[in-house]
Amino acid sequence: MTEANVEVRSDGNTVEILLTGEIDLSNSDLIREKVFASIDNHLVAVKIDLGGLTYIDSAGLRILFALAERLRLLQTECSIHAPPGTPTRRVLELSGMTAVAEVRP
């Protein structure tokens with residue numbers, strides 16, 4: 001099984017989700033459960049930090065798209081942080097993620 005970690009930091013109004021390692025089909029269900037469990041209906045903003053992510057496939061992208069849609073429905077700000085020039089950033093740009101969530105350096 002591919003290794004990935006989810007760390008959640010919250011100050012009550014904002015949640016920061018740090019994803020590290022590799023996300024693929026073998027661990028996407030577990031990652032999805034952890035990410036979605038950290039979101040409630042009263043948040044103002046969610047920041048997803050992908051700086052420590054070394055690999056993401058279509059299963060991981062589905063998590064991010066589903067999360068962005070859920071946050072849109074909740075009227076909660078969503079930003080995804082991925083360093084410029086990294087493979088993860090390139091995958092986000094090619095997938096169209098920039099159309100549904102703010103992707104920041």
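Counting only residues at least two apart or in different chains, side-chain hydrogen bond (donor to acceptor under 3.5 Å, both in side chains) contacts with residues 51-63 are absent. A side-chain hydrogen bond (donor to acceptor under 3.5 Å, both in side chains) check over residues 82-92, counting only residues at least two apart or in different chains, returns the pairs Arg89-Glu93.
Contacts of Arg72 classified as side chain to side chain donor-acceptor pair (under 3.5 Å), with partners at least two apart in sequence or in another chain: Glu69. Contacts of Glu3 classified as salt bridge (Lys or Arg N to Asp or Glu O under 4.0 Å), with partners at least two apart in sequence or in another chain: none.
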Side-chain donor-acceptor pairs of residues 31-43 under 3.5 Å, sequence neighbours excluded:
| unit_1 | atom_1 | unit_2 | atom_2 | d |
| --- | --- | --- | --- | --- |
| Ser38 | OG | Val35 | O | 2.6 |
| Asp40 | OD1 | His42 | N | 2.8 |
| Asp40 | OD1 | Leu43 | N | 3.4 |

Without placing hydrogens or testing angles, list every side-chain donor-acceptor pair under 3.5 Å for residues 16-30, not counting sequence neighbours.
| unit_1 | atom_1 | unit_2 | atom_2 | d |
| --- | --- | --- | --- | --- |
| Glu16 | OE2 | Lys47 | NZ | 3.4 |
| Asp24 | OD1 | Thr2 | OG1 | 3.3 |
| Asp24 | OD1 | Ser26 | N | 3.0 |
| Asp24 | OD1 | Ser26 | OG | 2.6 |
| Asp24 | OD2 | Thr2 | OG1 | 2.6 |
| Ser26 | OG | Thr2 | N | 3.4 |
| Ser26 | OG | Thr2 | OG1 | 3.3 |
| Asn27 | OD1 | Asp24 | N | 3.0 |
| Asn27 | ND2 | Thr2 | O | 3.1 |
| Asn27 | ND2 | Glu22 | O | 2.8 |

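Taking OG1 of Thr14 as the start and CZ of Arg9 as the end, the distance is 13.5 Å to the nearest 0.5 Å. To the nearest 0.5 Å, the span separating CE on Met97 from CD on Glu102 amounts to 13.0 Å. The distance from atom OG of Ser79 to atom CZ of Arg104, rounded to the nearest 0.5 Å, is 4.0 Å.
Pairing each heavy atom of Val6 with each of Val8, the nearest pair is CG1-CG2, 4.1 Å.
Distance alone, capped at 3.5 Å, is enough to place a donor-acceptor pair between the Ser95 side chain and the Leu92 backbone.
Cluster annotation: Ile80 and Val44 are assigned to distinct hydrophobic clusters (Ile/Leu/Val/Met/Phe/Trp/Tyr, side-chain heavy-atom contacts under 4.5 Å, transitive).
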